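The structure under discussion appears below in the form of structure tokens.
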Protein chains: 2
Amino acid sequence: MLPTVCACTKLRRSARAVTAFYDAALEGSGLSTPQFSLLRLLDRSGPCSLTAFAERTGHDRTTISRTIGALREQGLVRAAECGDQRARIVEIAPAGKDAIARCLPAWEAAEHRIDTLLGADRQALFALLDRIEEIRP
Amino acid sequence: MLPTVCACTKLRRSARAVTAFYDAALEGSGLSTPQFSLLRLLDRSGPCSLTAFAERTGHDRTTISRTIGALREQGLVRAAECGDQRARIVEIAPAGKDAIARCLPAWEAAEHRIDTLLGADRQALFALLDRIEEIRP
DNA sequence: ACATGATTCGTGCATATACACGCATGTTCG
DNA sequence: CGAACATGCGTGTATATGCACGAATCATGT
């Protein structure tokens with residue numbers, strides 16, 4: 001592996017490696033890593049407009065729009081009522097909770113692999129990544 | 001921002017944030033963050049087959065094939081001779097070195113922003129990401 | 001009420017990413 | 001030599017990502 005001196009390249013490389021590992025863990029579940037991740041975040045977030053959910057998750061609004069749209073077509077996410085006709089409030093559907101429950105063992109097994117690699121330094125990594133995310137100009 | 005307990009989600013989120021910052025730094029240069037990153041890696045790698053370059057950079061081979069193809073069309077990368085007719089050996093072209101020189105100030109300014117955020121902990125982050133990349137099954 | 005600006009969203013477009021498949025070339029063994 | 005396997009690529013397909021643009025809705029001031 002070529003060494004990288006650049007933090008951006010390094011982070012993107014690590015993210016690809018981790019994504020591949022989690023994708024393999026979700027193999028056959030019908031959900032991709034981003035889909036499962038967003039579904040779980042929506043579960044914890046509660047009913048939420050798309051724009052607000054995008055801001056809360058650090059995604060582009062249109063990425064959220066399309067990914068949540070796919071989850072909605074699968075019945076994992078549903079629309080909630082809202083006074084503002086512009087906003088599309090979404091929340092997790094019962095089938096979405098089932099999907100999370102179904103995928104969680106494999107997901108947490110992957111998470112456990114991370115723990116094996118990092119041990120107590122996991123907290124340190126998260127703290128460093130928190131600082132990295134302050135990069136927004 | 002919703003807190004994330006998952007290392008995968010966290011890493012991907014950080015990678016998106018950093019990518020956006022570097023993309024902004026390269027604004028108007030004609031190169032994207034992945035393109036500049038790969039061009040620079042190829043420069044340091046030296047002539048290399050696509051498969052070998054993919055392995056060295058942690059990308060899928062077909063991602064390399066297409067991205068390097070785009071750089072080749074721009075004249076930043078060129079083919080080199082090789083006995084094996086299957087392999088496509090590529091190396092950086094003079095125009096590619098020029099492009100790197102042209103983009104480097106902006107790139108290093110972004111890198112400097114990382115240093116501001118991380119300081120001496122930069123080494124620690126890289127060490128943790130090295131461990132993360134051992135995740136491959 | 002209405003015009004103006006702000007907010008919320010969807011869609012078109014482009015690139016990044018990676019899997020599945022097939023083609024061309026190279027290697028090995030009988 | 002020739003068949004069978006291995007290696008290196010390109011392309012088709014699909015999702016992820018985000019920018020630019022425009023449509024629909026809402027809020028505000030007159």
Side-chain angles (χ1 to χ4, degrees), chain A residues 8-9 11-24 26-39 41 48-55 57-74 79-80 82-90 136, chain B residues 8-9 11-24 26-39 41 47-74 79-80 82-90 136:
Chain A
C8 179
T9 301
L11 257 173
R12 290 171 57 84
R13 181 183 292 181
S14 303
R16 284 196 306 275
V18 171
T19 299
F21 190 79
Y22 278 69
D23 273 342
L26 289 180
E27 175 79 37
S29 73
L31 289 178
S32 66
T33 289
Q35 286 171 355
F36 178 81
S37 174
L38 285 177
L39 190 60
L41 286 168
C48 189
S49 80
L50 296 184
T51 295
F53 191 54
E55 287 170 357
T57 58
H59 278 85
D60 185 82
R61 181 186 55 78
T62 64
T63 298
I64 292 296
S65 180
R66 283 183 243 246
T67 302
I68 293 295
L71 295 175
R72 222 159 59 91
E73 286 175 6
Q74 295 179 53
C82 172
D84 191 333
Q85 295 296 354
R86 295 168 304 179
R88 293 173 63 81
I89 305 296
V90 290
R136 315 176 183 287
Chain B
C8 180
T9 300
L11 258 173
R12 290 172 57 84
R13 180 182 291 181
S14 304
R16 283 195 307 276
V18 171
T19 299
F21 190 81
Y22 278 70
D23 274 341
L26 289 180
E27 176 77 38
S29 74
L31 288 179
S32 66
T33 289
Q35 286 171 356
F36 179 81
S37 174
L38 285 176
L39 191 58
L41 286 168
C48 189
S49 80
L50 295 185
T51 294
F53 191 54
E55 288 170 357
R56 289 183 197 179
T57 58
H59 279 84
D60 185 83
R61 182 186 55 77
T62 63
T63 299
I64 292 296
S65 180
R66 284 182 241 245
T67 301
I68 293 294
L71 295 175
R72 221 160 59 91
E73 286 174 6
Q74 296 179 53
C82 171
D84 191 332
Q85 296 296 354
R86 294 169 303 179
R88 295 173 60 82
I89 306 297
V90 289
R136 315 180 181 288

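Keep in mind that this is a model prediction, so the values were computed, not measured. Protein chains get the first letters and strands the later ones, always in sequence-line order, with residue 1 at the start of each.
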Please set out all donor-acceptor pairs under 3.5 angstrom arising from side-chain atoms of residues 61-72 of chain B, sequence neighbours excluded.
from, atom 1, to, atom 2, distance (Å)
Thr62(B), OG1, Asp60(B), OD2, 2.5
Thr67(B), OG1, Thr63(B), O, 3.0

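Atom CG of Leu50(B) is separated from atom P of dA24(C) by 18 Å (rounded to the nearest Å). Counting to the nearest Å, the P atom of dC9(C) and the CG atom of Asp84(A) are 8 Å from each other.
Between the CG atom in Leu31(B) and the OG atom in Ser37(B) there is a gap of 11.0 Å [rounded to 0.5 Å].
Remark: Thr51(B) engages no residue in a side-chain hydrogen bond (donor to acceptor under 3.5 Å, both in side chains) (not counting sequence neighbours). Take Ala24(B) and apply the side-chain contact (heavy atoms from CB on, under 4.5 Å) test, not counting sequence neighbours, and it matches no residue. Taking the side-chain hydrogen bond (donor to acceptor under 3.5 Å, both in side chains) definition, one finds that Thr19(A) meets it with Arg12(B), sequence neighbours left out. Looking at residues two or more places apart in sequence or on another chain, you find a ring-ring contact (aromatic ring centres under 6.0 Å, His included) between Phe36(A) and Trp107(A). Residues satisfying the side-chain hydrogen bond (donor to acceptor under 3.5 Å, both in side chains) test with Arg16(A), not counting sequence neighbours, are His59(B). For Arg13(A), the side-chain hydrogen bond (donor to acceptor under 3.5 Å, both in side chains) partners at least two apart in sequence or on another chain are Thr4(A).
In the 5' to 3' direction, nucleotides of DNA chain D lying under 4.0 Å from heavy atoms of chain B begin and end at dA6(D) to dG18(D).
Residue Ser49(B) is classed as a sugar-phosphate contact, given heavy-atom separations below 4.0 Å to backbone atoms only.
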Exercise. Can you give one letter per nucleotide of nucleotides 16-23 of chain C, going 5' to 3': B for a protein heavy atom under 4.0 Å from the base, S for sugar-phosphate only, - for none?
Worked result: SBBBB---
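Where Gln85(A) and Arg72(B) meet DNA chain D, the nucleotide closest to each residue was compared, and Arg72(B) sits on the side nearer the 5' end.
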